[in-house]
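To start, the structure under review is shown below, and the notes come after it.
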Amino acid sequence: MDRYNFKLVEKKWQAYWNKNKSFKTTLDKSKKKFYCLEMFPYPSGKIHMGHVRNYTIGDVLSRYKSMLGFNVLHPMGWDSFGLPAENAAKQNNLDPKIWTEKNISIMKTQLKKLGLSIDWDREISTCSKEYYKHQQKFFLDLYDKGLVYRKESYVNWDPIEKSVLANEQVIDGKGWRSGVTVERKKLNQWFFNISKFSEELLSGLDKLDSWPNKVKTMQKNWIGKSFGCEIDFNLKKNDQVNSIKCFTTRPDTLFGMSFLAVSIDHPISKFYKERDDFKKFKEECSKTGTTEEAIAQAEKIGFKTDLRAINPLDNTKTVPVYFANFVLMDYGFGAVFGCPAHDQRDLDFANKYKLKIMPVVEPLDSTGHEYDKNKNFVIIGQAYTGPGKIINSNFLNDLKAPEESIVKTIEYLEKNNIGKKKINFRLKDWGVSRQRYWGCPIPIVYDENNNVKKIPLENLPVELPENINLSTNGNPLDHVDSWKNITIEGKKYKRETDTLDTFVDSSWYFLRFCSPKNEVEGFDMEEVKYWMPVDQYIGGIEHAILHLLYSRFFMQAINFNHEEFNITEPFSGLFTQGMVCHETYRNQQGNWLSPEEYELAKSRGEIIKIGSPESMSKSKKNTIDPEKIIENYGADAVRIFILSDSPPEKDVQWSETGMLSSYKFTQKLWTLHQKFKNKIEENSDKKDEEISIFTNQMIEKIKYNLEKFHYNVIIANLYEFYNFFNNKLNFNINKKTLLENYIKFLSAISPIIPHFTSECLTDLKLNPFQKWPEVDKNLIKNDTVKYVIQINGKKRATITCMKDISEKELIKEIMGGESTKKIFENKKINKCFFVKNRLINILVQ
RNA sequence: GGGCGAGUGGCGGAAUUGGUAGACGCGUUGGUCUUAGGAACCAAUAGUGCAAACUGUGAAGGUUCAAAUCCUUUCUCGCCUACCA
C-alpha cells in the first residue's frame, strides 16, 4: 500500500487553491457574511509557532463557516512599519523597505504552506504608501474634528541615542540599548483625544458578549472610572496661590483630614524649584527604582511646604501641605487630601511625619478592631477602609458610610461652592508621535512661527524619503533637509519629522480589508456596511488593552460627526489564544541551547539542565521553526498537533512526540481511506444503522465543539471517528450507507485537514468543497437508551432499554433483569429519583 | 498591595444543564509481525485488592437522593496590574 505522500498532495492543493482563487470573496448581499480576522503579523523574517496556532484556529473557523454557507471574508496583511526594520536596516546597511519586503515575501510563502484559506487578493501592507496615504487622511480628518492636538509632554529620553524610548524599551530606568539612565524630557507631541470617549469605550464593553471577560475587565481597569468629587482647598493667607484643587472618592472623610499632598510636578512647584532643599527632595524621589514593584513598595516621603490648607468643612482647622512622591501629576489634579485613618497610604505617610490620625468612620462590628480605654475607636497599625458609621464629623455624624455620607458631603460642598461631583477617568490621551524613520509620516507642516498647517489633501501621501542615513543621532528624518523643507503655495514650511505610532496603523486595517484596492477612500462605505464588524477576531492576549482599545477608539473617532458610518465596535467576537511553549535547555556554562543543540550535547554525554516550558523566544533558543516542521510532517499534521494538546485559549506545550503522533495519524487516515476504497467495491445488504447513528452524533459533537472553540476536543472527536470507522471496515456494510457516512466524515474533518480531505474527496470523484453535512435528526433519536442504575447514590449497573419509558416500567425492567434483580434481594425500596433517559437512583434500606 | 484564572491518572487534557469521573492522545507494560524498528497491528493501563469491593477531581467542611461541577473556609500555582486619591 502506498504511504500518504503529503508533500505531493499538499503542494497540489495549495497550487489549486491559488490558481482558482478558491477563497476570493466579493460582496454578495444575498448571502450572510462572516468576517474572520486574525491579528496580522509583523514581518520580522519568518513565521513562528504562535502564528501557526493563531492562523490555524482562524482557518478552521473560516472553512467551517464557508461550509455552512456564509460568505466568508478571511484576509491577511502585514503590520509592516516599526522599529525592528529600522534596527535591522541599520545593522545590515540597507533600506528598511527592502528588508521588510523581503520578509513579507518569505512569510507569505510560509503561510501558504500552511494551507490557509485566505483571500490573498486583499493583501495589504501598512508601510505601503497606498495604505498610509489613507491613514494620513484620517489624521487630518481627526484634526478637523478636534480629536488630534499637540501638547508638551514628558517622554523617556535616551541621551545617547538622542531619541524617545517607548515605556517597554526602558528597562530598570535605563535605555535598552544604550544602557544609560533615561531622562524625562518635555517634548511637543501629537495626541489623539481618546479620553474624550472614555465613557463610550467603557459602556461599549457591556455589549461585547462574545469577548472574554478577562479582556473586558482589563480594559475596564485601564479606563478606570471613579466617582467622586473635586474640592477646592483654600489656603491660609498666601501671596502666591489661593487654593489647591483635589479629586477624591471619599469626601465624607474630610473631617479626618490631616494633610494635603501634591505631586512634585504640581504647578505650585514653580515657587520652590530654586530652593536647594526642594531640589534635593526631587532628587531623592527620582532615586527610587523605576520597576513597577519598586515604585509600589517605595517609602512614602514628603517635603513640607510653608502652606496650610483650610478644611472646607470646618474653616477653623488647617493642615500642612506637602509635596509627596506618591502623588501622580497625571491623575486627577495631581493633589490629594490625606485622611490617615481610612487610607493605608495616608496612614504610612502620617506615621512617618507624626501627623494626627483621627478616625471618622467607625466599623459597625467591633470585633477585630482597636478601642481606647474610653471605648473610642482608634486606628493603630492599619487604616480602616470598610463601611461603617460616621463619627467625629459634626453634621455628618451617624450617617451610614460610605453611601449616605458621600451624598450628604457632596451636597454640602456644592451648596457652598467648594466642590462638585466629578467622574474621573484613568485613561489618558494617546501620544502618537515617534521620533522614528520607519513609520507613517504625520501630514503636518510648520511655518516660521511654528504654526501648524495641514498638508493639502491633494498632496497626500506624504511619502517617506528613501535611501537616507539611518545612523544619525535622533530621528533620521530630522536630518533630511531636502525632505524637511517644503514650499507650499510659495511659502516655506518645515515638515513634522515625527512619525505615527505603529498602533495607529493597526487601528483601522480591518476596515481597509473590506476594500483594499480603493484608491480614493480608505474604505468603501458600502463594503464596510456589509462586512463590518469583524465577527471573529483572533489573536494574543498581549493586545488585550492597547491595540483593541485603540481600534475601538478609531471607530468612535470616525463615527464622530459622521453618523452614516454607524460602527462603534470593530470586533463583535474576540478570541485570545494561548502561547506556544517549549522546555528550555542550558549547559553547565549556563548558555541556552536550542532543541537541536540539546540533542547533540546529550549524545556527547554533556550534562544539560532542562527548564520548565516557557513561551518560545529567540533569546532562550527554545523555538521550533514551523517551516522545518511542515517540511517534515506536512501542514495537515501540524494543524492537527497545534490544535490537539490544549484548549486554544490556554498555553500549549510543543512536543516532538505529540507532533510525530499527529503525523502518524495522517498516515493512518490514508490507510483508512484505502481500506474504505477496497470495501466499497464489495457489496452487502446488511443494514447498518449503527454507523449512521454514530456518524450523525459525531457530527453534532464536532459542530458543537467548533462553535465553542473546543478545538482540542475536536481532535479527540476526529480520533474517535477514525477508531470507529477503522473498526467498522472490518465488517461488511451496505455500500450506500458506508459511502454516505464516509463522505460526512470527510466533510466534517475538512476544516482541520483540508489537503487530506480534498485529496480523498476528489479520489472518490467528488467535489473537494463539501457543504457542512446535514444531520439526520431521526437517526440521532435513538430508540434505546442506556440507564445508569444507582443504589443509594452509587452506581451498581447499567441497563439498556427503550427510550422514553416511565419510571414504573424501568423499575419493572430492573426487577426482572437477570443481572439487576439480585441487587434488591431482601431490600425495601424507600424512594426513587428518576432522570428520564439517563439515570435512576433507588434508595433502599 | 489589587484584579482575574486554574488545581482531575506518570503526562497533555475530556466530562453541554449537578446525574456512569478519567473521553481522546502521549507515555508505560505485554503480545503479533518483521533482517531490523524511533514502523505497523492487537491488548492492558486512576489507586488498593486474588476477588467481591472500597477509595478517589489541591485540603477541610456544607447543601443535595446525587457534587470535578453549587456554597463557606483554606492552601498552592499561573497570568495581569501597580502608590489612581
Side-chain angles (χ1 to χ4, degrees), chain A residues 1 3 212-218 220-222 224-226 228 246-251 253 261 263 288 291-300 324-328 330-339 343-346 348-349 424-428 541-542 544-545 578-579 613 640-641 644-647 649-653 655-662 664-665 667-668 671 700-701 704-705 707-708 710 712-723 726 786-798 830-843:
Chain A
M1 199 187 296
R3 280 174 77 75
N213 283 329
K214 189 183 177 171
V215 174
K216 286 195 275 190
T217 311
M218 282 166 81
K220 215 171 263 178
N221 294 339
W222 188 261
K225 184 181 188 176
S226 44
C246 293
F247 173 75
T248 178
T249 53
R250 289 301 299 271
T253 61
S263 157
T288 46
T291 61
E292 286 146 353
E293 221 184 328
I295 290 169
Q297 281 163 12
E299 196 189 359
K300 285 144 191 62
N325 64 340
F326 61 84
V327 184
L328 309 169
D330 47 14
Y331 184 78
F333 300 100
V336 296
F337 81 79
C339 174
D343 183 294
Q344 191 57 45
R345 189 194 50 199
D346 294 348
D348 294 346
F349 191 80
N424 202 48
F425 289 96
R426 204 188 81 116
L427 182 64
K428 295 176 206 103
I541 187 84
E542 66 273 18
I545 298 173
M579 293 180 297
I640 289 175
F641 173 72
S644 67
D645 265 18
S646 294
E649 68 276 13
K650 285 216 224 155
D651 288 356
V652 64
Q653 202 198 331
S655 101
E656 196 65 36
T657 51
M659 183 60 245
L660 191 66
S661 81
S662 298
K664 286 182 196 165
F665 183 60
Q667 292 294 343
K668 284 188 193 177
T671 312
E700 284 282 278
K701 269 192 201 169
Y704 174 86
N705 289 323
E707 303 275 353
K708 295 261 178 193
H710 295 168
N712 56 325
V713 187
I714 296 181
I715 303 300
N717 294 150
L718 172 53
Y719 275 102
E720 280 180 83
F721 227 145
Y722 163 85
N723 289 341
N726 194 38
K786 211 160 103 186
Y787 267 95
V788 172
I789 295 148
Q790 292 183 340
I791 305 299
N792 293 340
K794 288 198 174 184
K795 182 190 155 196
R796 278 297 116 107
T798 56
N830 280 343
K831 203 170 178 186
C832 285
F833 290 87
F834 177 71
V835 184
K836 203 171 173 186
N837 294 331
R838 255 205 161 134
L839 149 154
I840 186 160
N841 187 8
I842 303 165
L843 304 188

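We name chains A, B, ... by the order of the sequence lines, and we start the count at 1 in each one. A quick note: this is a predicted structure, and the numbers were derived from the prediction, not measured.
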### Summary
Protein heavy-atom contacts under 4.0 Å, written 5' to 3' over nucleotides 29-45 of chain B as B (base), S (sugar-phosphate only) or - (none), form the string ----------SSS----
Nucleotide N/O to protein N/O under 3.5 Å, stretch nucleotides 62-66 of chain B:
{"unit_1": "B:rC65", "atom_1": "O2'", "unit_2": "A:N841", "atom_2": "ND2", "d": "3.1"}
{"unit_1": "B:rC65", "atom_1": "O2", "unit_2": "A:N841", "atom_2": "ND2", "d": "2.6"}

At a cut-off of 3.5 Å, list every protein nitrogen or oxygen paired with a nitrogen or oxygen from nucleotides 5-13 of chain B, distance to 0.1 Å.
{"unit_1": "B:rG12", "atom_1": "O2'", "unit_2": "A:D645", "atom_2": "O", "d": "2.5"}
{"unit_1": "B:rG13", "atom_1": "OP1", "unit_2": "A:S646", "atom_2": "OG", "d": "3.1"}
{"unit_1": "B:rG13", "atom_1": "O3'", "unit_2": "A:N712", "atom_2": "ND2", "d": "3.3"}

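Residue-level contact check: A:N723 touches the backbone only, with heavy atoms under 4.0 Å from sugar-phosphate atoms and none from bases. Nucleic acid contact class of A:S226 (heavy atoms, under 4.0 Å, all strands): sugar-phosphate only. In this structure, A:Y719 reaches the sugar-phosphate backbone alone: every heavy-atom distance under 4.0 Å involves primed, P, OP1 or OP2 atoms, never a base.
Distance from the side chain of A:W222 is smallest to B:rA82 among B:rC83, B:rA82, B:rU20. Closest to the A:K795 side chain, of the nucleotides B:rC84, B:rC83, B:rU20, is B:rU20. Distances were taken from every side-chain heavy atom of A:K214 (C-beta onward) to each of B:rC4, B:rG19, B:rA85; the shortest belongs to B:rC4. Distance from the side chain of A:M218 is smallest to B:rC80 among B:rC79, B:rC80, B:rG25.
Of the inter-residue distances, the one linking A:D651 atom CG with A:I541 atom CD1 reads 10.5 Å to the nearest 0.5 angstrom. Taken from CZ in A:F721 to NZ in A:K701, the straight-line distance is 10.0 Å, to the nearest 0.5 Å. Annotation: the span from A:I840 atom CD1 to A:I789 atom CD1 amounts to 8.0 Å, rounded to 0.5 Å.
Between A:I715 atom CD1 and B:rC24 atom P the separation is 15 Å, expressed in whole Å.
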